[in-house]
**Q** 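My structure is below; once you've seen it, I'll send some questions.
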Number of protein chains: 2
Amino acid sequence: MSIMISTTEENYLKAIFKLSEKKEGSVNTNAIAQELNTAAASVTEMIKRMAKKGLIHYESYKGTRLSKKGDKIARNLIRKHRLWECFLYEHLEFSWGEVHDIAEQLEHIKSEELVNRLDSYLDFPRFDPHGDPIPDANGNIQERKQQPLFNLKKGMKGVVTGVKEHTKPFLTYLDQLKITLGSEIEVIEFNKYDDSIKILNNKVEQLITQKVAKNIFIEVINTN
Amino acid sequence: MSIMISTTEENYLKAIFKLSEKKEGSVNTNAIAQELNTAAASVTEMIKRMAKKGLIHYESYKGTRLSKKGDKIARNLIRKHRLWECFLYEHLEFSWGEVHDIAEQLEHIKSEELVNRLDSYLDFPRFDPHGDPIPDANGNIQERKQQPLFNLKKGMKGVVTGVKEHTKPFLTYLDQLKITLGSEIEVIEFNKYDDSIKILNNKVEQLITQKVAKNIFIEVINTN
DNA sequence: AAATATTTTTAGGTTATCCTAAAAATATTT
DNA sequence: AAATATTTTTAGGATAACCTAAAAATATTT
Ligand SMILES: [Mn+2]
Ligand SMILES: [Mn+2]
Ligand SMILES: [Mn+2]
Ligand SMILES: [Mn+2]
């Protein structure tokens, strides 16, 4: 059989992929350690072994990059993760705050056939319950032209297309605010005193904090 | 959190449960080793650790029994396994020969909520695609009054309710023979010469070998 | 450029799980 | 009951992942 990849290795690949998205070039050992909640020494050891296996490129003191092979696996993991999130959300009626932790386990199930049938069963969704794009079977990820709500100017309008933070407390809080994917938001006013923002959420006036505004992604509607 | 149980430990629990079903009393170290394809020495070591954790009862040279706790976990694993098989079979259109290996992975996903929602989503199925009963949330398993086709006498009739062997080759072969759960079988004749059996499968005459007849479970229809 | 701080690696250990070979206990034959 | 066979355990190792503390390399300040 093809080289076996452990769940741990898969988590390293995902972490490196995620960190590579943010910063060009190679990924620091410490960054991986932080992302995975492990000691830096453990990361050094692990990435050496993974480099030997051809999953990553690694040079002492210089950092780590995914190899072609590692990149492909990482994208497939993200694909599986997000497809499972769709399944949990749409068919098992979990909330968007609950799906991530379970998908974190499900993404490691190994069966090419399973992912593709799941994809087809879900009718080839393009975005997961958090608005994140689902890589296709070739690993292509379609990027969106969204930006944090916080970046809008007074008077601008848009639709909620995603969230930056994926934690349960944040998502539950958005539920309380009735802010969901698809919500139509208009920025009424930035309050200089406490940095809060007055918005219109589906025609209803609301106040949100800066912290929240930075974690909501908006696709701006051209208002000509 | 409650004591963490590894996938390996879960597989030991399932193996011990399965072996306990066949033979009363305690389970031999060698039997577990065979069931799990590991060396007997590894089993000895593992079960000592599991006994310390309260998952099993173990006495040197005497054998192993599941504890209350271990038994509960084993039943829940079987419940999960069979529910996932239903999902794969009914919703993702896998064949009954394909579902087992994937369910073998899925059964280790940890989320009480997930199993119960899956159960409800599948509309509380009582049997899996192989005709095996699905334990309820309390671990109760409903037994069936079925017997191997091989045990029927000439002229007896029944319905296929299960299979003893779960391998892909066997199940694919049954597909070829058009023998499925629910097939109506009548025994026409036992051929003494080669031990083959002539049957009527949904009104069609067929010949099956002893090996096949021993691996098909039938619920006999009273023909008064 | 030297001194200081930060990052990364190395050294030395641990735990879970597995293995083979040898020893000990138990079961079966004679 | 002795001899033989089988089963189970112990002894001694291996590997994958982790960890802490110390050493080495690299980056940032002075
Ligand atoms: Mn997620
Ligand atoms: Mn997501
Ligand atoms: Mn199965
Ligand atoms: Mn089954």
Side-chain angles (χ1 to χ4, degrees), chain A residues 1-16 19-20 22-66 70 73 77 104-105 108 110, chain B residues 1-16 19-20 22-66 70 73 77 104-105 108 110:
Chain A
M1 65 217 89
S2 56
I3 302 137
M4 262 300 148
I5 289 154
S6 70
T7 295
T8 304
E9 288 171 322
E10 289 187 338
N11 285 333
Y12 271 81
L13 291 175
K14 264 207 318 168
I16 297 165
L19 294 165
S20 300
K22 299 188 185 170
K23 231 189 46 186
E24 275 306 295
S26 56
V27 175
N28 295 330
T29 300
N30 266 359
I32 300 171
Q34 182 161 28
E35 178 73 25
L36 293 173
N37 264 297
T38 47
S42 307
V43 173
T44 301
E45 195 190 307
M46 190 70 181
I47 62 188
K48 272 164 149 185
R49 250 180 298 127
M50 289 174 72
K52 211 166 279 172
K53 265 183 151 179
L55 296 169
I56 56 175
H57 300 295
Y58 164 66
E59 261 191 289
S60 263
Y61 294 102
K62 287 207 175 165
T64 301
R65 268 177 322 106
L66 290 179
I73 295 167
L77 284 165
E104 209 63 20
Q105 298 179 63
H108 299 291
K110 281 170 183 54
Chain B
M1 64 218 90
S2 57
I3 302 136
M4 263 300 148
I5 290 154
S6 71
T7 295
T8 304
E9 288 171 321
E10 289 187 337
N11 285 332
Y12 271 81
L13 291 175
K14 266 210 312 170
I16 297 165
L19 295 165
S20 300
K22 298 189 188 172
K23 229 188 47 184
E24 275 305 295
S26 57
V27 175
N28 295 331
T29 300
N30 266 359
I32 300 171
Q34 182 161 28
E35 178 72 25
L36 293 173
N37 264 298
T38 47
S42 307
V43 173
T44 301
E45 197 189 309
M46 190 69 181
I47 62 186
K48 271 163 147 184
R49 248 179 301 125
M50 289 173 72
K52 210 166 281 174
K53 265 183 153 178
L55 296 169
I56 57 175
H57 300 295
Y58 163 67
E59 262 192 288
S60 263
Y61 293 102
K62 288 209 176 162
T64 300
R65 270 178 318 109
L66 290 179
I73 295 167
L77 285 163
E104 208 63 21
Q105 297 179 63
H108 299 291
K110 280 171 184 56

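Residue numbers begin at 1 in each chain, while the letters A, B, ... track the order of the sequences. Any value given below was found using the heavy atoms of this structure, including those in side chains, with hydrogens, waters and symmetry copies removed.
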**Q** For A:Arg49 and D:dT15, give me the distance from atom CZ to atom P, rounded to whole Å.
**A** 11 Å
**Q** Any side-chain heavy atom of B:Leu66 within less than 4.5 Å of one from B:Val27?
**A** no
**Q** Nearest whole angstrom, please: distance from the P of C:dT17 to the CG of B:Leu13.
**A** 12 Å
**Q** Determine yes or no for a side-chain-to-main-chain donor-acceptor pair under 3.5 angstrom, with B:Lys48 supplying the side chain and B:Tyr58 the backbone.
**A** no
**Q** Please report the interatomic distance CG(A:Leu77) to CD1(A:Ile5), rounded to the nearest 0.5 Å.
**A** 8.5 Å
**Q** Between A:Ser6 and D:dA17, does any side-chain N or O lie under 4.0 Å from OP1 or OP2?
**A** yes
**Q** How many Å lie between CG on A:Leu36 and P on D:dC18, as a whole number?
**A** 8 Å
**Q** Describe the nucleic acid contact of B:Thr8 in one word from base, sugar-phosphate, nothing, applying a heavy-atom distance below 4.0 Å.
**A** sugar-phosphate
**Q** Can you tell me how far P of C:dT17 sits from CE of B:Met4, to the nearest Å?
**A** 13 Å
**Q** Would you kindly give the CE-to-C1' distance between A:Met46 and D:dA16, to the nearest whole Å?
**A** 8 Å
**Q** Can you list everything that forms a side-chain contact (heavy atoms from CB on, under 4.5 Å) with B:Glu104? Sequence neighbours excluded, please.
**A** B:Lys14, B:His81, B:His100, B:Glu107
**Q** Check whether more than 12 heavy atoms from other residues, nucleotides or ligands sit under 6.0 Å from atom NZ of B:Lys110, and answer yes or no.
**A** yes
**Q** Kindly indicate whether the side chain of B:Arg65, heavy atoms from C-beta on, has any atom under 4.5 Å from the side chain of B:Ile16.
**A** no
**Q** Walk along nucleotides 5-13 of chain D from 5' to 3' and tag each nucleotide B, S or - by protein heavy-atom contact under 4.0 Å, base first, then sugar-phosphate.
**A** --SSBB---
**Q** If pairs are Watson-Crick or G-U with both distances under 3.5 Å, what is the dot-bracket string of DNA chain D, marking crossing pairs with [ ] and pairs to another strand with |?
**A** ||||||||||||||||||||||||||||||
**Q** Side-chain N or O of B:Ser42 less than 4.0 angstrom from OP1 or OP2 on C:dT17?
**A** no
**Q** State whether the side chain of B:Thr29 and the backbone N or O of B:Val43 hold a donor-acceptor pair below 3.5 Å, judged by distance alone.
**A** no
**Q** How close or far is atom C1' of D:dA16 from atom NZ of A:Lys52, stated in whole angstroms?
**A** 13 Å
**Q** Give the rounded distance in Å between these two atoms: CD of A:Gln34 and P of D:dC18.
**A** 16 Å
**Q** Closest to the A:Tyr12 side chain: C:dT17, D:dA17, D:dC18?
**A** D:dC18
**Q** If you measure from CD1 on A:Ile32 to OG1 on A:Thr44, what distance do you get to the nearest 0.5 Å?
**A** 8.5 Å
**Q** Hey, does B:Tyr12 have a side-chain heavy atom less than 4.5 Å from the side chain of B:Thr38?
**A** yes
**Q** Using whole Å, what does the distance between atom P of nucleotide D:dC18 and atom CE of A:Met50 come to?
**A** 11 Å
